[in-house]
Amino acid sequence: CILKHRSSLLLLRPSVLGILAIFGCYCLVYVGVLHANFALTGFWPYGLLKALGSSATRWAQFIVVQCSILSGFTFALLALPMLTPALW
C-alpha cells in the first residue's frame, strides 16, 4: 500500500510532543510490569536488570535510554516523508 498524498501523512500523524508523551507512558508502564513480574517471581526477565538493583537513579537512566531509542527510530521514520522524493 502506497500513500498517494504525502500531505495526508503529515497532517494525520500525531505531534512530536504527543509521540514523546506516548513513549514516556509506555516506558513507565513497561518498567512497572517488570517490577510487578519481579515481585511475583523473584527473578528479572533480563540479566541486565539485576545490575540496576533498587537505585532510583539507575532505573530513571534506564527509562531515559529506552525512550531515547524509541524516539531516535521514530524521528528517523518521521523524517523520511520530508526528505525522500515523491515518486507519484
Side-chain angles (χ1 to χ4, degrees):
C1 175
I2 297 177
L3 185 65
K4 275 182 115 171
H5 304 286
R6 181 183 300 221
S7 60
S8 298
L9 175 66
L10 296 175
L11 182 67
L12 294 174
R13 72 180 170 113
S15 69
V16 173
L17 287 177
I19 292 171
L20 292 176
I22 291 168
F23 288 160
C25 291
Y26 172 79
C27 289
L28 288 173
V29 168
Y30 181 70
V31 168
V33 169
L34 288 175
H35 277 84
N37 180 59
F38 180 74
L40 292 172
T41 65
F43 296 100
W44 293 108
Y46 310 110
L48 67 101
L49 299 177
K50 189 183 295 186
L52 300 177
S54 60
S55 170
T57 305
R58 288 186 180 178
W59 280 102
Q61 290 173 342
F62 177 76
I63 292 170
V64 168
V65 168
Q66 295 301 309
C67 289
S68 299
I69 291 169
L70 288 171
S71 299
F73 282 116
T74 300
F75 292 146
L77 289 173
L78 288 175
L80 281 177
M82 292 182 249
L83 299 176
T84 56
L87 300 175
W88 54 89

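The hydrophobic side chain of Ile22 is isolated, with no ILVMFWY side chain under 4.5 Å apart from it.
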Anything under 3.5 Å between a donor and an acceptor, one on a side chain of residues 57-70, the other on a protein residue two or more places apart or in another chain? List them.
unit_1 : atom_1 : unit_2 : atom_2 : d
Arg58  : NH1    : Ala51  : O      : 2.7
Trp59  : NE1    : Gly53  : O      : 2.8
Ser68  : OG     : Val64  : O      : 2.8

Could you pull out every donor-acceptor pair under 3.5 Å between side chains of residues 27-45 and any protein atom, sequence neighbours left out?
unit_1 : atom_1 : unit_2 : atom_2 : d
Tyr30  : OH     : Tyr46  : OH     : 3.3
His35  : ND1    : Val31  : O      : 3.0
Thr41  : OG1    : Asn37  : O      : 2.8
Thr41  : OG1    : Phe43  : N      : 3.2
Thr41  : OG1    : Phe43  : O      : 3.2

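Residue pairs meeting the side chain to side chain donor-acceptor pair (under 3.5 Å) criterion with at least one partner in residues 14-29, sequence neighbours excluded, are absent.
Closest heavy-atom contact between Pro14 and Ile19: O-CD1, 3.8 Å.
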